[in-house]
Amino acid sequence: MIDSLWRDSVGAVLGIALLIWVAPLFISPYTLTILIIYGMLALSLGMIWGFGGILCFGQAAFFGLGAYAYVIAAINIGESTLPMLIAVLVPAIFASLLGAMMFYGRLNDVYLAVITLVVTLILFKFMNSTAGPEYIIGKARLGGFNGIPGFPTLNMPGNPNAYIWGDTYFYFCAVTLGVVFLITTLILQSSFGRIAVGIRENETRMSLLGYDIRARKTVLFTIGAAIAGLAGALFANWAEIVTPNLFSLSQSAEIIIWCIVGGLGTRLGPILGAAGLSLLKFLLGQQTLIDNLLITGLILVLFVLILPKGIVPTLNDLWSLTIGQRIIRHRRRPRRRTRRKPPRD
Amino acid sequence: MTEVVLETHALTMRYGGVTATKNVDFKLYAYELRCLIGPNGAGKSTFFKCISGLETPTDGEILMLGSETTFWTAHQIASLGVGIKTQVPNVMDGLTVFENIWLAARRQHNTPEANRKTEEILDRLTLRDIAHRHVGHLAHGERQHVELGLVAVGDPKIVLLDEPAAGMSSKDIEQMTKIIHELNKAAAIIIVEHDMQFIQSIANRVTVFHRGEILIEDHVDRVMSDPTVRNVYLGKKS
Ligand SMILES: Nc1ncnc2c1ncn2[C@@H]1O[C@H](COP(=O)(O)OP(=O)(O)O)[C@@H](O)[C@H]1O
Ligand SMILES: [Mg+2]
């Protein structure tokens with residue numbers, strides 16, 4: 001376990017280094033930044049769905065709440081450090097209440113998907129209807145479908161005049177993704193994470209072993225929402241405007257598609273799925289011949305039919321079938337022999 | 001007399017119009033090994049589900065290890081020291097044998113202790129050779145053993161086994177019997193079984209269920225020779 005944590009840390013550092021020094025040779029840092037943010041958003045769903053079996057159709061709600069919480073707090077406070085924290089806390093608290101309601105009410109699977117979807121749509125509707133001047137929180141007007149532009153973006157903690165923007169903001173997002181990735185790894189490799197996988201595999205058995213499924217699912221759901229909220233705040237800083245479209249149906253659906261294409265049950269899969277599909281969307285965005293959504297849908301169908309496990313798990317399988325297998329055999333053979341003999345004698 | 005560890009009063013469970021168990025008064029004593037028999041649909045599995053908290057009984061009450069547990073959830077009852085092997089194998093198919101047992105051990109112990117406990121159970125149930133195989137890929141008998149391992153590693157005080165020998169080879173059953181006797185040193189056990197030979201080889205007292213009610217409860221030999229039981233149970237089976 002310690003071994004794999006070490007390996008993952010090295011991998012994460014290498015990955016982030018590649019992202020910072022090599023990727024900008026091919027893709028602009030501005031575009032890379034949004035790929036990173038979407039990657040983090042996908043990771044938040046990949047964690048609760050792929051490892052906890054919670055299919056949330058409304059991860060966009062937490063993303064949007066994080067973005068709005070950041071913006072409203074930043075306008076009122078006038079700097080960004082505390083608002084970043086608020087952007088993580090607001091969706092987390094909201095998710096813990098919603099999660100407790102669902103899991104203690106024994107709502108699961110399709111009901112859970114429907115409820116989270118409905119909550120997202122309600123937020124979308126509500127945010128769209130806040131154009132009037134009466135919708136104001138402190139100094140921040142919600143602005144309805146126009147959204148909220150013009151708010152203080154990220155600054156160095158303690159110095160509201162030292163903005164973090166451009167390439168620096170790209171580095172900041174890349175490192176944040178690396179940190180979130182490692183935190184996710186720590187959580188998933190801890191007992192808590194391994195128990196979550198047990199719950200994904202067989203809820204009944206896990207409760208018969210004495211685990212409180214409801215409480216554990218609520219906690220995992222909350223962690224996922226916190227990460228989505230952080231991604232939302234990063235998005236607000238990147239876009240410099242937040243609009244109700246953050247809560248839209250297509251945003252919700254896209255997160256799920258990213259996870260399926262990248263591969264559930266892995267940490268890297270959703271990130272790569274999100275980055276790959278978003279990049280494709282940007283490239284396609286420059287043409288008008290074919291509708292974007294149509295292509296995303298087509299890719300989803302192709303993946304479900306041809307690579308139902310997604311990219312990363314398929315690559316893992318290929319690896320262990322070819323090279324990995326040889327290494328494992330090489331390592332295990334002598335140990336097995338010595339172990340098998342004693343009980344027979 | 002010895003202490004009662006499990007007691008039900010007028011336990012009734014209805015599924016819509018079907019009454020699966022009806023007014024069951026049942027007592028189990030510490031370190032007892034009891035067999036539960038009865039034709040298919042008699043309500044044996046439902047009785048287990050009520051006791052283990054998978055179902056909330058429609059009526060009646062359940063007392064266990066000094067607590068009234070009638071409305072407790074499954075995880076609360078499990079934490080009290082009740083382990084169950086359900087009729088349909090209930091294991092984590094996507095995980096390895098080691099991971100399955102580790103998850104059961106981790107409930108009561110910290111990680112290093114859970115690792116140690118898991119190793120111990122792997123040896124005790126001779127699962128060592130398949131420790132790193134996925135449970136979903138194992139043969140039926142092996143999966144039953146794994147599930148028994150999940151129960152055993154929790155050091156339960158009451159063990160419920162729903163048809164543990166079903167579909168197993170005689171060699172598997174032999175090993176299963178050994179494990180059951182070992183569990184019995186620390187726990188009271190109820191076993192649902194159909195195999196008469198198996199029952200005679202392990203139990204003294206037998207409770208016969210019929211249409212959700214207790215028909216008779218007596219020593220295994222007297223139950224076997226009882227004409228009503230032969231009628232109800234053996235008659236239907238053939
Ligand atoms: N979930 C359920 N819904 C409806 N009826 C059920 C359910 N579970 C069991 N039953 C009914 O209850 C009766 C007892 O079933 P069960 O407890 O499984 O019997 P046994 O284990 O003795 O074979 C049967 O008639 C069965 O059809
Ligand atoms: Mg049954």
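Throughout, protein chains are lettered first and strands after them, A, B, ... in sequence-line order, and every chain is numbered starting at 1.
- Contact check on B:Glu113 versus B:Arg106 returns no salt bridge, with no Lys/Arg side-chain nitrogen under 4.0 Å from an Asp/Glu carboxylate oxygen.
- Heavy atoms from other residues, nucleotides or ligands lying under 6.0 Å from OH of A:Tyr38 number more than 12.
- Of the residues considered (A:Arg205, A:Met206, A:Arg200), A:Arg205 shows the highest number of contacts with chain B, using heavy-atom pairs under 4.5 Å.
- Using a 4.0 Å cut-off between charged side-chain N and carboxylate O, B:Arg128 and B:Asp123 make a salt bridge.
- For a residue to count as touching a neighbouring chain, one of its non-hydrogen atoms must lie under 4.5 Å from one of that chain's; by this rule B:Thr73 touches chain A with the side chain only.
- For the set B:Arg107, B:Met92, B:Gln76, the entry with the most heavy-atom pairs within less than 4.5 Å of chain A is B:Arg107.
- Contact of B:Leu54 with chain A is made through the side chain alone, with heavy-atom distances under 4.5 Å.
- Counting heavy atoms of neighbouring residues, nucleotides and ligands inside a 6.0 Å radius, atom OH of A:Tyr111 does not exceed 12 of them.
- When each of B:Gly53, B:Gly154, B:Ala114, B:Ala74 is scored by its heavy-atom pairs under 4.5 Å with chain A, the top score falls to B:Ala74.
- Comparing B:Asp93, B:Thr126, B:Val91, B:Val82 by heavy-atom pairs within less than 4.5 Å of chain A, the highest count is held by B:Val91.
- Neither the backbone nor the side chain of B:Val153 comes within contact range of chain A; no heavy atom of the residue lies under 4.5 Å from a heavy atom of that chain.
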As a quick check of understanding, evaluate side chain to side chain donor-acceptor pair (under 3.5 Å) for B:Thr96 and B:Glu99, giving each step before the final call. CA-CA 5 Å; B:Thr96 64; B:Glu99 287 167 328; 3.2 Å; yes
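- B:Thr8 places a side-chain N or O within 3.5 Å of a backbone atom of B:Val24 that can act as its donor or acceptor partner.
- Most heavy-atom pairs under 4.5 Å with chain A: of the set B:Val151, B:Ile77, B:Asn90, this distinction falls to B:Asn90.
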